[in-house]
Amino acid sequence: MIELERIESLANSKIKLAAKLHTNKYRKSENLFVAEGVRLVEMAAQSDWPMEYALISDSAMNNPRAVAVVELLQEKGCPVYQVSDQLYNKAADTVTPQGLLLVMGYRIFTWQEVLNSNSNDASAPLIAVMDAVQDPGNAGNIIRTADAMGCSGVVCLEGATDIFADKVVRSSMGSIFNIPVMTGVNPDELIDVCHDNEVTLIATAVDETAVRHYLADYVSPCAIIFGNEGNGVSAKMLEDSDQKVFIPMTGKAESLNVSAAAAILLYEAFRKRSIL
């Protein structure tokens, strides 16, 4: 059994910091966030993201998989502290904690990485763009889908939810550590980068100029824009997009959830690129 340094006091700075990082204010001021849960910490430990320290509860020390993750963290030079279950719960955010959390630093990606980090064999960039997507679950699901479909990156425009929020990180199921994600991007910057690199801007929309989603060219370099849950893609991005697409429906539902729409369009892009 591995032996770890213990933290016994609720006043300990590491316990207090982990608890504060569940709020947007402290994440931004510290440039830190929390990954919580055995699988999520496992994926984070296997990534190249910066790691500050981890906390493991007494109960989790009986979980062989959690202990294996702790050993991996130690191998990578990340300090790990053991705490009582009660103390761990003060630092955790989840309703049913798994007893393992990791305090991590932000990783800042560049446009070059977003344009050239395809996880599939296609050389053309495929970028998922979140335009004021507000729901953390939707944001995390879009990141997860973008990872699964081999996107080269995800771009979050100004006004989108904080991608380092606990629910976004959990909803991504660790995909946030697998794919370049840029956040707080100005719309004009996205437009300029796409035009300079001959990346087609495709916006999801419902108007007379939009075509059925499967008719669009996703094989060429493209960035697909997914809009706000209530208002859709912003007027500016619609105006500056190169093409508009819609998903045909036959039922009575007025619209699809934005993460569901993202799954359909990104899979169509994956499908078209795969059959070449």
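Start at 1 with the first residue, then count along the sequence. None of these values were measured; they are calculated from a predicted model.
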Side-chain heavy atoms under 4.5 angstrom apart, residues restricted to Ile, Leu, Val, Met, Phe, Trp, Tyr: same cluster for [X] and [Y]?
X      : Y      : value
Leu21  : Val169 : no
Ile176 : Val129 : yes
Val233 : Val206 : no
Phe246 : Tyr218 : no
Ile142 : Met173 : no

Is the shortest heavy-atom distance from the side chain of [X] to the side chain of [Y] under 4.5 Å?
X      : Y      : answer
Asn89  : Leu87  : no
Leu40  : Arg170 : yes
Cys156 : Val181 : yes
Val103 : Met51  : no
Thr183 : Leu157 : no
Ile127 : Ile224 : no
Val154 : Ile179 : yes
Leu32  : Arg27  : no

Can I get a per-line list of side-chain donor-acceptor pairs under 3.5 Å for residues 68-83, giving both atom names and the distance, sequence neighbours left out?
residue: Lys76; atom: NZ; partner: Ala45; partner atom: O; Å: 2.7
residue: Lys76; atom: NZ; partner: Ser47; partner atom: O; Å: 2.9
residue: Gln82; atom: NE2; partner: Asp58; partner atom: OD1; Å: 2.8

request  = Only pairs at least two apart or in different chains count here, so list each ring pair (Phe, Tyr, Trp, His ring centres under 6.0 Å) that has a residue in residues 139-179.
outcome  = Phe33-Phe164, Trp49-Phe177, Tyr106-Phe164

inquiry  = For a side chain to side chain contact (heavy atoms under 4.5 Å, CB included) check, start with the C-alpha distance between Gln243 and Leu215, then their side-chain angles and the critical distance, and finish with the verdict.
reply    = CA-CA 11 Å; Gln243 187 171 20; Leu215 297 177; 6.0 Å; no

Has [X] got a side-chain atom pairing as donor or acceptor with [Y]'s backbone, closer than 3.5 angstrom?
X      : Y      : result
His22  : Ala91  : yes
Ser171 : Val168 : no
Lys272 : Tyr267 : no
Asp147 : Ile143 : no
Ser152 : Val114 : yes

message = Working note: Ser259 + Thr145, criterion side chain to side chain contact (heavy atoms under 4.5 Å, CB included); need CA distance, chi angles, decisive distance, verdict.
response = CA-CA 8 Å; Ser259 64; Thr145 301; over 6 Å; no

Starting at [atom1] of [X], measure out to [atom2] of [Y] and round the result to the nearest 0.5 Å.
X      : Y      : atom1 : atom2 : result
Gln134 : Glu229 : CD    : CD    : 6.5 Å
Met61  : Leu100 : CE    : CG    : 10.5 Å
Leu201 : Glu239 : CG    : CD    : 12.5 Å
Glu208 : Lys244 : CD    : NZ    : 7.5 Å
Asn63  : Ser57  : CG    : OG    : 9.0 Å
Met237 : Thr204 : CE    : OG1   : 10.5 Å

message = For Asp131 and Asn228: C-alpha separation, side-chain torsions, deciding distance, then whether side chain to side chain donor-acceptor pair (under 3.5 Å) applies.
response = CA-CA 6 Å; Asp131 181 11; Asn228 174 268; over 6 Å; no

Please report the closest heavy-atom contact between [X] and [Y], naming both atoms and the distance.
X      : Y      : answer
Pro187 : Glu158 : CD-OE1, 3.9 Å
Pro248 : Tyr214 : CG-CE2, 4.2 Å
Leu238 : Ser241 : O-OG, 2.9 Å
Arg273 : Val219 : NH2-O, 3.7 Å
Leu101 : Ala18  : CD1-CB, 4.4 Å
Ala262 : Phe226 : CA-CE2, 3.4 Å

ask   = Are Arg65 and Glu42 close enough for a salt bridge, meaning some N to O gap below 4.0 Å?
value =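 Yes, this pair counts.
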
inquiry  = Taking the basic N atoms (NZ, or NE/NH1/NH2) and the acidic carboxylate oxygens, is any pair closer than 4.0 Å for Lys28 and Asp162?
reply    =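 No, this pair does not count.
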
query = Does a side chain donor of either Ser220 or Asp217 reach within less than 3.5 Å of an acceptor in the other side chain?
reply = yes

ask   = Under the side chain to side chain donor-acceptor pair (under 3.5 Å) criterion, do Asp85 and Ser59 qualify, and how do the steps go?
value = CA-CA 7 Å; Asp85 289 17; Ser59 294; 2.2 Å; yes

Which atom pairs, one a donor and one an acceptor, fall under 3.5 Å between side chains of residues 188-198 and the rest of the protein, sequence neighbours left out?
residue: Asp188; atom: OD1; partner: Lys236; partner atom: NZ; Å: 2.8
residue: Glu189; atom: OE2; partner: Trp111; partner atom: NE1; Å: 2.7
residue: Asn197; atom: ND2; partner: Val193; partner atom: O; Å: 2.8

task = Start with the C-alpha distance between Val41 and Glu36, add both sets of side-chain angles, then the distance that settles side chain to side chain contact (heavy atoms under 4.5 Å, CB included), and finish with yes or no.
result = CA-CA 6 Å; Val41 175; Glu36 189 176 345; 5.9 Å; no

ask   = Would Leu102 and Tyr53 count as a side chain to side chain contact (heavy atoms under 4.5 Å, CB included) if you check the C-alpha gap in whole Å, the side-chain angles of each, and the deciding distance to 0.1 Å?
value = CA-CA 6 Å; Leu102 175 63; Tyr53 64 90; over 6 Å; no

